[in-house]
Amino acid sequence: MRDLLDDLDGWRAKGKRIALARVVDIEGSGPRDPGAAMAVNEDGDVIGSVSGGCVEGAVVAEALAMLNGNNTPRLVTFGYSDDEAFAVGLTCGGIIHLFIQPLTF
Amino acid sequence: MDLYSIYAERVRANVPTALVTVIDGPNIGSMLLLSPGNQPLGTLGEPELDRVVVRDAEGEIEAGRTSVRHYGPQGQTTPEDLVDTPTVRVFVDVSSPPPTMWIFGAVDFTAALAKVAKVLGYHVVVCDAREVFATRRRFPMADEVLVSWPAPLFSERGHQLGSRDAVCILTHDSKFDVPAVQGALGTNVGYIGVMGSRKTHAKRLERLAEVGVTDTADLTRLMSPIGLDLGARTPEETAISICGEIIARRTGRLAPSLRDGTGPIHK
């Protein structure tokens, strides 16, 4: 999260609502290690990344849904290609577990 | 100050820190912030769980490892206690200080290497005994530029070097690179690279033998001539070849092209 701090500080100073997504676990092949993070603010601005670009779009959608509705922190999994709930997969075939939460701590 | 602000402050100050979050189970989203030597801040909602997690997170900080751990609701860790109970999954997000690269010799290759090392997230220290060359103006990308001989730097700060760190000796000057190699061998640094042709390397080995550095275990730690065989010519290309070698040594790979191999890319 180190590389996100400057932008996060800027957003917080402007009072933006922010959702934070962090990679907590990887199964098989995955491009980013646990701890990789991205953040989305209420305007849809995005910083950081959690994969090689495969799932970022879906994470932004999840994050905005969190900021605009159910703000309960939750685990999200990407990479089960046969799972209808999360049709977005990693091109490298791995499974990525993310934790998404509002940055209110 | 809120938890995030304290976390950000510590990460910026390179204080080893764990940001602990319940990601599954009761009190999902509750957080605890921990840095060794400081009172833990926040709570996961159960004092006994906090106690056990703090203990484990300190170990993870020590190992520099980010991971998910499983507990019973009151912090139980033995498998028998976890049967038929809902488990709490806890994400221990560890922030370690960046790795360090010491570069000896204030030459053109140094500027290029310092630049690439910064891209990779290193704290870069440039060191040369010659005051006219070791200047901030020549190495604005470095975090520190020191006018010093190798020995005092190693005796003062060598103990800070560990397996994630690197020492690159680019001087070609035995007055300087012999003590630099000696100093580096006296540390636990993970990578020691020394620049020079094969001829220079052979001569350097003689000089090292003269000062008593003959132990094979020591000499095999030296990556000399420095770098991967990329056919690099310019300082910038050489910097890539050095950093490529550092990564390959850390991961234990031979560094051929992925196309020519088999098996998973990420292990």
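Chain A is the first sequence line, chain B the second, and so forth, proteins listed ahead of strands; every chain is numbered from 1.
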Query - Residues B:Arg65, A:Asp33: salt bridge by 4.0 Å N-O rule - result: no
Query raised in the report: Does CG in A:Asn68 sit with more than 12 non-hydrogen atoms of other residues, nucleotides or ligands closer than 6.0 Å?
Result: yes
Report task. Could you please state which residues from residues 14-23 of chain A sit under 4.5 angstrom from chain B, measuring non-hydrogen atom to non-hydrogen atom, sorted by number, or 'none'? Result -> A:Arg22, A:Val23
**Report entry** Region of A:Leu103 that comes under 4.5 Å of a non-hydrogen atom in chain B
**Finding:** side chain
Query raised in the report: Measuring heavy-atom distances to chain B, does A:Asn71 have an atom under 4.5 Å in its side chain, in its backbone, in both, or in neither?
Result: neither
**Report entry** N-O pairing of A:Asp25 and B:Arg89 below 4.0 Å
**Finding:** no
Query raised in the report: Under the 3.5 angstrom rule, does the side chain of A:Arg2 hit a backbone N or O of B:Ser95 as a donor-acceptor pair?
Result: no
Query raised in the report: Would you call B:Glu9 and A:Leu5 a side-chain contact if the rule is heavy atoms closer than 4.5 Å?
Result: no
**Report entry** Heavy-atom contact with chain B under 4.5 Å, split by part of A:Asp9
**Finding:** both
Report summary line: If one checks every heavy atom of A:Phe105 against chain B at 4.5 Å, the contacting part turns out to be both
Query raised in the report: If you count heavy-atom pairs under 4.5 Å between each of A:Arg74, A:Gln101, A:Arg12 and chain B, which one has the most?
Result: A:Arg12
Query raised in the report: Which answer fits B:Ser96, side chain, backbone, both or neither, if we ask what part of it has an atom under 4.5 Å from a heavy atom of chain A?
Result: backbone
Query raised in the report: B:Tyr4 versus chain A, heavy atoms under 4.5 Å apart: side chain, backbone, both or neither?
Result: both
Report task. Taking atom CG of B:Asp229 as the centre, report whether more than 12 heavy atoms of other residues, nucleotides or ligands fall under 6.0 Å from it. Result -> no
**Report entry** Proximity of residues 18-35 of chain B to chain A, residues having a non-hydrogen atom under 4.5 angstrom
**Finding:** B:Leu19, B:Thr21, B:Val22, B:Ile23, B:Asp24, B:Ile28, B:Gly29, B:Met31
Query raised in the report: Can you pull out the residues in residues 37-64 of chain B with any heavy atom less than 4.5 Å from chain A?
Result: none
Query raised in the report: Counting a contact as any heavy-atom pair under 4.5 Å apart, which residues of residues 109-117 of chain B contact chain A?
Result: none
